[in-house]
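Just so we're on the same page: letters track the sequence lines, and every chain starts at 1.
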There are 2 protein chains.
Amino acid sequence: MNKAHHCPLNYTMNLIGTKWKPLILFHLLEGGLRSGVLQKKILGISNKMFTQTVRQLEEDGLITRKIYPVVPPKVEYQLSTRGQSLEAILRALDQWGLEDCKS
Amino acid sequence: MNKAHHCPLNYTMNLIGTKWKPLILFHLLEGGLRSGVLQKKILGISNKMFTQTVRQLEEDGLITRKIYPVVPPKVEYQLSTRGQSLEAILRALDQWGLEDCKS
DNA sequence: GCAATAACTTACTAAAAAGTAGTATAGTTA
DNA sequence: TAACTATACTACTTTTTAGTAAGTTATTGC
């Protein structure tokens with residue numbers, strides 16, 4: 001918590017209110033993924049934004065990063081407990097978009 | 001819909017995934033508010049960002065704007081039906097922040 | 001006729017987020 | 001020994017978002 005928040009919503013949005021964060025979290029809902037596989041699922045993301053975003057998510061404790069000491073590198077990301085606790089919200093946001101599109 | 005979305009979540013975030021939009025919507029959940037009153041509730045927002053954001057929300061059909069032809073001006077904002085449909089999500093985001101803060 | 005009012009606009013600047021392209025790593029395989 | 005691999009980093013530029021400060025409006029009340 002590095003900023004004052006008069007409203008918890010504000011706090012939440014500072015954590016996940018960016019273009020790519022919710023998308024990455026969403027794609028990890030079904031389980032951990034290897035870095036390259038996850039990145040390919042996020043259509044349109046640049047390589048830079050991908051690593052930058054997963055780094056922030058890791059710093060904020062929303063995902064974990066497991067490094068296998070092999071060559072070429074192997075890295076797996078998965079939701080932390082804290083990240084998992086966003087599941088209902090992520091699915092609700094997705095569902096809302098799905099239904100709203102119809103109109 | 002001005003952008004391609006491979007995932008409805010993406011669509012939703014393009015609508016409300018900014019610093020101020022969710023906050024403004026959230027403060028309208030309890031009912032319509034006069035412009036000045038609403039703005040004072042959003043601590044830290046600049047006058048420019050306030051009008052700019054409510055304009056976008058209106059364009060996107062998430063809030064309505066009622067103008068009373070008096071002097072000095074009187075304007076009231078309230079959630080549209082589409083905006084109301086975000087209620088569960090807004091409250092969930094707020095609630096999540098509240099509980100996450102504890103840790 | 002001049003200040004006060006509430007909502008809004010505009011020109012300008014600053015900061016944050018995102019994109020592009022190139023580079024590093026270090027074993028493995030050809 | 002040179003290309004290949006998956007992951008990540010860096011410098012640089014562009015785009016988007018946000019902030020500051022000033023101005024506009026049209027009536028009311030002094």
Side-chain angles (χ1 to χ4, degrees), chain A residues 2-7 9-11 13-25 27-28 32-60 62-78, chain B residues 2-7 9-11 13-25 27-28 32-60 62-78:
Chain A
N2 47 353
K3 290 178 187 175
H5 303 286
H6 58 294
C7 166
L9 205 176
N10 215 338
Y11 168 83
M13 292 310 285
N14 275 340
L15 263 189
I16 60 165
T18 67
K19 183 173 179 180
W20 300 113
K21 280 180 184 177
L23 229 35
I24 289 180
L25 294 170
H27 283 284
L28 286 174
L33 286 177
R34 214 176 149 172
S35 181
V37 175
L38 176 56
Q39 183 169 347
K40 277 188 201 73
K41 280 181 184 280
I42 316 293
L43 300 183
I45 198 172
S46 68
N47 173 252
K48 182 194 128 181
M49 284 314 294
F50 178 75
T51 28
Q52 186 176 305
T53 307
V54 289
R55 279 297 134 76
Q56 285 170 13
L57 290 171
E58 195 198 359
E59 263 183 40
D60 292 336
L62 293 172
I63 65 176
T64 59
R65 183 161 172 259
K66 203 191 296 179
I67 307 160
Y68 297 83
V70 294
V71 167
K74 177 176 173 182
V75 174
E76 269 190 13
Y77 294 104
Q78 65 177 70
Chain B
N2 48 353
K3 288 177 189 176
H5 303 288
H6 59 293
C7 166
L9 205 176
N10 215 338
Y11 168 84
M13 293 310 286
N14 275 341
L15 263 188
I16 60 165
T18 67
K19 183 172 179 181
W20 300 113
K21 280 180 183 178
L23 228 36
I24 289 180
L25 293 171
H27 283 284
L28 286 174
L33 286 177
R34 212 174 152 174
S35 181
V37 175
L38 175 57
Q39 184 169 347
K40 277 189 201 73
K41 280 181 186 279
I42 316 293
L43 301 184
I45 198 172
S46 67
N47 173 252
K48 182 192 128 182
M49 284 313 294
F50 178 74
T51 29
Q52 186 176 304
T53 307
V54 289
R55 280 298 135 77
Q56 285 171 12
L57 290 172
E58 195 199 359
E59 263 184 39
D60 292 335
L62 292 173
I63 64 175
T64 59
R65 183 160 171 260
K66 203 190 295 178
I67 306 159
Y68 298 83
V70 295
V71 167
K74 177 176 174 183
V75 174
E76 270 189 13
Y77 294 103
Q78 65 178 69

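- As a whole-Å value, the separation of Asn14(B) CG from dA18(C) P is 11 Å.
- A heavy atom closer than 4.0 Å to some atom of DNA chain C occurs in no member of residues 16-25 of chain B.
- Residue pairs meeting the side chain to side chain donor-acceptor pair (under 3.5 Å) criterion with at least one partner in residues 39-50 of chain B, sequence neighbours excluded, are absent.
- For the residue pair Val54(B) and Thr51(B), the shortest heavy atom distance occurs at CG2-O, 3.2 Å.
- Rounded to whole Å, the distance from CE on Met13(B) to C1' on dT16(D) is 16 Å.
- In this structure, Gln56(A) places its CD atom 12 Å from P of dC9(D), rounding to the nearest Å.
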Close N or O pairs between protein and nucleotides 5-7 of chain D (under 3.5 Å):
| from | atom 1 | to | atom 2 | distance (Å) |
| --- | --- | --- | --- | --- |
| dA6(D) | O3' | Arg34(A) | NH2 | 3.3 |
| dA6(D) | O3' | Pro73(A) | O | 3.3 |
| dT7(D) | OP1 | Arg34(A) | NE | 3.0 |
| dT7(D) | OP2 | Gly36(A) | N | 2.8 |

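- Applying the side chain to side chain donor-acceptor pair (under 3.5 Å) test to every pair with at least one member in residues 64-77 of chain B, sequence neighbours left out, gives these pairs: Arg65(B)-Tyr77(B).
- For the pair Ile67(B) CD1 and dA26(D) P, the computed distance is 14 Å after rounding to whole Å.
- Within the model, atoms NZ of Lys19(A) and CD1 of Ile24(A) stand 12.0 Å from one another, a figure rounded to the nearest 0.5 Å.
- The distance from the CD atom of Gln52(B) to the CD1 atom of Ile45(B) is 9.5 Å, given to the nearest 0.5 Å.
- Once rounded to the nearest 0.5 Å, the distance linking NZ of Lys21(A) with CG of Leu23(A) reads 13.5 Å.
- Atom pair Phe50(B):CZ and dA6(C):P shows a separation of 14 Å (rounding to whole Å applied).
- For the residue pair Met13(B) and Pro22(A), the shortest heavy atom distance occurs at CE-CG, 3.5 Å.
- Residues Phe50(A) and Ser35(A) share a closest heavy-atom pair of CE2-OG, 3.4 Å.
- For the pair Gln52(B) CD and dG19(D) P, the computed distance is 10 Å after rounding to whole Å.
- Here dA8(D) presents its C1' atom at 13 Å from NZ of Lys48(A), a figure rounded to the nearest Å.
- Rounded to an integer number of Å, the gap from CE of Met49(A) to P of dT14(D) is 18 Å.
- The CD1 atom of Ile63(A) lies 7.5 Å from the CG atom of Leu38(A); values are rounded to the nearest 0.5 Å.
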